[in-house]
Amino acid sequence: MRLIVYVDMDAFYLSCELTRHPELVKTPAIVAHDPKEGKGRGVVLTASYEARPMGFHSAMPVKEAWRQKDKVAWLMPDFPFYEATSGKVMAYLKSRCSLARALSIDEAAYPIEIAELKDAEIEGRAVQREIRERFSLPSSIGVSPSLAVSKVASDKAKPGGVVVVAPKDVSSFLAVLPVRALPGVGPVTEGALKRVGAEKVEDLKRVPFPKLVRAVGSMAGSLVALAEGRLSDEEWPEELPPKSMGAMVTFDEDLDDEESLMKGVASLGESLGRSLEGKGSLYRTVTVRVRWGDLSAVQRSQSFPHPTCETDVLVKLAQKILRGILSSPGRNSRGVRTLGLTVQGLHPQDPAQRTLL
DNA sequence: TCTGGGGTCCTAGGACCC
DNA sequence: TCTGGGGTCCTAGGACCC
């Protein structure tokens, strides 16, 4: 039988830090943005399992974590280090199975062909042990006939476990879980499902299908399929190049004046331009996103007729788009909390053209 | 009381084309 | 003077993921 092994790293950013701060192993610790003496606007990215019972958790505002700062070791995020670590683990998984796919910075999956179910458990334990021995990193493993179910299984396996779901057990494994446990079901969809009487996955089987479609649109089909244990026979995902690249910044205080905002967007554009150059990538569409002080957001975009590469062209267009947003009637004299700049329509640039352009 | 920064995917309306 | 049915592309917004 063909099963999918899903590898999900435990408390990944923190686990990366523990490899270079062994003195913090088994202590309460968090990776969180700069607290700025309690005025920081960031969040906690990862809390160690020792810090969680004390109330620390990911996505917690830094201002809140700051009130208990004396109870934890506070580490600032170092994304280049986490990306490099992730890359090493991915390279190992690819050496184990050439079809391995990275699904996020701390998740990956690969298919296996096995003769007996007990081999699934053996493979899960083996890959988990190898990752621990080679990289000193803990992980949780889910194995099942489908990518989505294996992901759910890896969540159930946390921390440090291996959960195997046999093909015949998929429906009963999912039945008792809250719908929120399914990938793709967030707070909004959870609310919509609750309103039609579906709190657990098994409830999805009882809601009349047209009612479910009215509640959650095109998601209805795949949700019911999962609940009934009907597994999709999707192709194994190809490795795809990125579709967009962006940068954003949240200011310490909401910004009003156009001059600072123009400088802000220029600095995002220059940093994005360097990344594009590093990747040898052209772009065609530029999007500026503004998050106002009240946390509502707008975005505006504009496309070039042909892929382009110049950083100053990017900056000029971004500034033009931003001026448009700032002078729109919808602004209502609000200040800007967060500024984002994204380019889409990425296009590889061939090296010969690079010098020519 | 407060809520980052990096992404993907889906939907929907309008312009435009045959 | 009024007009179908098919398609693509652009733009804006929003849900969701880690």
Side-chain angles (χ1 to χ4, degrees), chain A residues 6-14 16 30-36 38-46 57-67 76-80 82-83 86 102-108 147-148 151-152 154-155 158 179-193 213 215-223 237 240-252 254 268 271-272 275 284-305 321 324-325 328 330 337-346:
Chain A
Y6 201 100
V7 179
D8 191 335
M9 309 298 290
D10 295 338
F12 182 61
Y13 300 160
L14 188 83
C16 290
I30 59 174
V31 176
H33 290 130
D34 191 343
K36 302 188 178 168
K39 293 188 179 328
R41 285 179 138 182
V43 296
V44 174
L45 299 161
T46 321
H57 57 90
S58 62
M60 178 186 202
V62 144
K63 275 181 190 159
E64 199 182 322
W66 182 250
R67 291 186 219 130
M76 304 263 269
D78 177 357
F79 287 102
Y82 310 148
E83 269 154 24
S86 172
L103 300 168
S104 77
I105 193 166
D106 68 341
E107 294 167 298
L147 190 63
K151 179 177 169 62
V152 177
S154 76
D155 280 337
K158 279 187 173 299
V179 292
R180 186 70 166 85
L182 299 177
V185 178
V188 175
T189 307
E190 179 187 29
L193 290 172
V213 171
V216 300
S218 66
M219 275 183 80
S222 55
L223 287 177
L240 297 173
K243 300 188 167 173
S244 68
M245 279 180 70
M248 57 169 77
V249 60
T250 294
F251 304 111
D252 292 346
D254 297 351
L268 289 175
S271 130
L272 190 50
S275 304
R284 221 165 69 70
T285 304
V286 178
T287 303
V288 174
R289 190 177 138 93
V290 165
R291 203 177 184 205
W292 305 108
D294 64 6
L295 299 180
S296 64
V298 289
Q299 68 177 47
R300 283 196 191 174
S301 55
Q302 210 170 309
S303 299
F304 291 109
I321 296 171
I325 295 175
S328 69
R337 178 190 183 91
T338 303
L339 209 49
L341 179 59
T342 300
V343 290
Q344 300 135 80
L346 299 184

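Residue numbers start from 1 in every chain, and the chains themselves are labelled A, B, ... in the order their sequence lines are given, proteins ahead of strands. Atom set for the values below is all heavy atoms of this structure, side chains included, hydrogens, waters and symmetry mates excluded. Here the structure is a predicted model, which is why all the values come from computation and not from measurement.
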To the nearest 0.5 angstrom, please state how far the CG atom of A:L182 sits from the OG atom of A:S222.
9.0 Å
Length of the CG-P vector between A:D252 and B:dC2, whole Å
15 Å
Salt bridge (Lys or Arg N to Asp or Glu O under 4.0 Å) partners for A:D254, two or more places apart
A:R41
Sorted by chain and number, sequence neighbours left out, salt bridge (Lys or Arg N to Asp or Glu O under 4.0 Å) with A:R284 holds for none
Starting at atom CE of A:M60, determine the distance to atom P of B:dT3, rounded to an integer number of angstrom.
13 Å
Return the 5'-most residue of the pair A:R291, A:S244 with respect to DNA chain B, ranking by each residue's nearest nucleotide.
A:R291
Look at the rings of A:Y82 and A:Y13 and say which category their plane angle falls in: under 30° parallel, 30 to 60° tilted, over 60° perpendicular.
parallel
Partner residues of A:D8 under the salt bridge (Lys or Arg N to Asp or Glu O under 4.0 Å) criterion, sequence neighbours left out
A:K158
Rounded to whole Å, the CG-P distance (A:D106 to B:dG7) equals 16 Å
Contact class for A:R289 (heavy atom, under 4.0 Å): base, sugar-phosphate, or nothing?
nothing
Return the CG to CG distance between A:D10 and A:D106, rounded to the nearest 0.5 Å.
9.0 Å
Its glycosidic angle compared against 90° from 0, B:dC2 adopts the form syn
For A:V43, which residues count as a side chain to side chain contact (heavy atoms under 4.5 Å, CB included) partner, sequence neighbours excluded?
A:H33, A:L45
Categorize A:P77 for me: base, sugar-phosphate, or nothing, with a 4.0 angstrom heavy-atom threshold over every strand shown.
nothing
Checking A:R180 side chain against A:V185 main chain: does a donor-acceptor pair fall under 3.5 Å?
yes
Quick note, A:V43 side chain, CB onward, closest among C:dC16, B:dT3, B:dG5 is B:dT3
Dump every N/O contact between nucleotides 13-15 of chain B and the protein below 3.5 Å, one line per pair.
none

Name the stems with DNA chain B in them: runs of three or more consecutive Watson-Crick or G-U pairs, distances under 3.5 Å?
B:5-18 with C:5-18
For A:Y6, what residues pass the side-chain hydrogen bond (donor to acceptor under 3.5 Å, both in side chains) criterion, not counting sequence neighbours?
A:E107
Separation of atom CH2 in A:W66 from atom P in B:dC2, rounded to whole Å:
16 Å
Holding to side-chain hydrogen bond (donor to acceptor under 3.5 Å, both in side chains), I want the full list of residues that pass it with A:S301, two or more places apart in sequence or in another chain.
none
Got a second to check how far A:T342's OG1 is from A:K243's NZ, nearest 0.5 Å?
15.0 Å
Categorize A:R67 for me: base, sugar-phosphate, or nothing, with a 4.0 angstrom heavy-atom threshold over every strand shown.
nothing
Could you measure between the two P atoms, the one in C:dG4 and the one in B:dG14, and give it in whole Å?
16 Å
If the cut-off is 4.0 Å, is A:S301 near the phosphate of C:dA12, judged by side-chain N/O to OP1 or OP2?
yes
Separation of B:dG4 C1' from A:K36 NZ (nearest whole Å):
11 Å
Looking across every strand, which nucleic acid part, if any, lies under 4.0 Å from A:V249 by heavy atom: base, sugar-phosphate, or nothing?
sugar-phosphate
Any residue meeting side-chain hydrogen bond (donor to acceptor under 3.5 Å, both in side chains) with A:K39, in chain and number order, not counting sequence neighbours:
none
Only counting residues at least two apart or in another chain, list the ones meeting side chain to side chain contact (heavy atoms under 4.5 Å, CB included) with A:A247.
A:L268, A:S271
In terms of the nearest nucleotide of DNA chain B, which residue is placed more toward the 5' end: A:V62 or A:P242?
A:V62
For the side chain of A:K63, starting at C-beta, report the closest nucleotide among B:dG5, C:dC18, B:dC2.
B:dC2
To the nearest Å, give me how far apart CG (A:L103) and P (C:dC16) are.
20 Å
To the nearest Å, how far apart are A:L341 CG and B:dG4 P?
18 Å
Selected nucleotide, minimal atom distance to A:Q299 side chain, candidates B:dG4, C:dA12, C:dC18
C:dA12
For nucleotides 9-11 of chain B, which of its nitrogen or oxygen atoms have a protein nitrogen or oxygen under 3.5 Å away, and what is each distance?
{"residue": "B:dC9", "atom": "OP2", "partner": "A:K243", "partner atom": "NZ", "Å": "2.9"}
{"residue": "B:dT11", "atom": "OP1", "partner": "A:S218", "partner atom": "OG", "Å": "2.8"}

Provide, to the nearest angstrom, the distance between the CE atom belonging to A:M245 and the C1' atom belonging to B:dG7.
11 Å
Quick check on C:dC18: is either OP1 or OP2 less than 4.0 Å from any side-chain nitrogen or oxygen of A:S58?
no
To the side chain of A:L45, which of B:dG4, B:dT3, C:dC17 is closest?
B:dG4
With heavy atoms under 4.0 Å as the rule, sort A:A247 into base, sugar-phosphate or nothing.
sugar-phosphate
Identify which nucleotide among B:dG5, C:dC16, B:dT8 has an atom closest to any side-chain atom of A:T189, counting heavy atoms from C-beta outward.
C:dC16
For A:S296, give me all partners under side chain to side chain contact (heavy atoms under 4.5 Å, CB included), at least two apart in sequence or on another chain.
A:W292, A:D294, A:R334
Closest to the A:K151 side chain: B:dT8, C:dC18, B:dT1?
C:dC18
